Amino acid sequence: MDYTKGPWAWDNFHDTHTALIRTADLTPGDKRAILYHAAEWEMLPADKNLIKAAPDMYEALKEVEYSAVLDLDGDFISCCPICDVWAGEKHKDYCEIGNALRKAEGRTI
């Protein structure tokens, strides 16, 4: 999946109701932005933290997606630690890892 890698930073503008989430390595004149928030309400600090952590959480989830190991009579197969599907196979409908990755990647659940 192609996305803007982290870390992301949160910048408040003239008030707490207008902000920009951007890559932390943004240079002067660079127009890349992840989210622009301008509303009549201030975004909750916890929401800011979740948004900033999104790239790291996605990468961590990809790391554990097939991190479990099944022993099939001496053959060790990588699999999902929640739904036990083998690496590269579609996760089961109840699998939180598979569902979260599908949401993050814009695929239907």
Side-chain angles (χ1 to χ4, degrees):
M1 180 172 85
D2 187 30
Y3 66 97
T4 303
K5 303 289 189 223
W8 291 355
W10 185 275
D11 294 329
N12 281 328
F13 288 120
H14 53 83
D15 59 34
T16 58
H17 303 283
T18 308
L20 173 74
I21 293 182
R22 60 170 179 79
T23 58
D25 62 350
L26 195 67
T27 57
D30 195 341
K31 303 295 184 205
R32 291 176 299 150
I34 312 307
L35 171 72
Y36 179 76
H37 174 76
E40 293 180 12
W41 65 91
E42 180 178 356
M43 186 174 282
L44 296 173
D47 293 338
K48 292 177 188 179
N49 293 336
L50 280 171
I51 292 168
K52 289 189 313 187
D56 297 328
M57 291 189 299
Y58 176 76
E59 290 298 326
L61 202 51
K62 290 297 287 182
E63 285 290 320
V64 301
E65 181 178 15
Y66 297 111
S67 62
V69 177
L70 281 177
D71 181 357
L72 301 175
D73 297 326
D75 288 330
F76 297 97
I77 307 291
S78 294
C79 67
C80 174
I82 295 178
C83 68
D84 292 332
V85 297
W86 296 1
E89 291 187 354
K90 183 180 181 289
H91 290 274
K92 303 254 179 12
D93 290 341
Y94 63 83
C95 182
E96 293 93 349
I97 290 176
N99 289 336
L101 287 172
R102 281 193 293 271
K103 283 181 188 177
E105 294 169 353
R107 296 182 285 136
T108 57
I109 294 178

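Residue numbers run from 1 in the order of the sequence given. Keep in mind it's a predicted model, so treat the numbers as computed, not measured.
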Exercise. Can you find a heavy atom in the side chain of L101 that is under 4.5 Å from one in the side chain of Y58?
Worked result: yes
Problem set entry | Heavy-atom side-chain contact between K90 and V85 under 4.5 Å | no
Exercise. Could K62 and E59 be called an ion pair, given the rule that one side-chain N must be under 4.0 Å from one carboxylate O?
Worked result: no
Exercise. Which residue pairs pass the side-chain hydrogen bond (donor to acceptor under 3.5 Å, both in side chains) test with at least one member in residues 68-80, sequence neighbours excluded?
Worked result: none
Exercise. Which residues satisfy the side-chain contact (heavy atoms from CB on, under 4.5 Å) test with A68, sequence neighbours excluded?
Worked result: C79, P81
Exercise. Y66 side chain to E89 main-chain N or O, any donor-acceptor pair under 3.5 Å?
Worked result: yes
Problem set entry | Whether over 12 other heavy atoms sit under 6.0 Å from E105 CD | yes
For this session: List for me each residue that meets side-chain contact (heavy atoms from CB on, under 4.5 Å) alongside E96, sequence neighbours excluded, and say none if there are none.
Result: I82
Problem set entry | For K92 against R102, the heavy-atom pair lying closest together | O-NH2, 4.2 Å
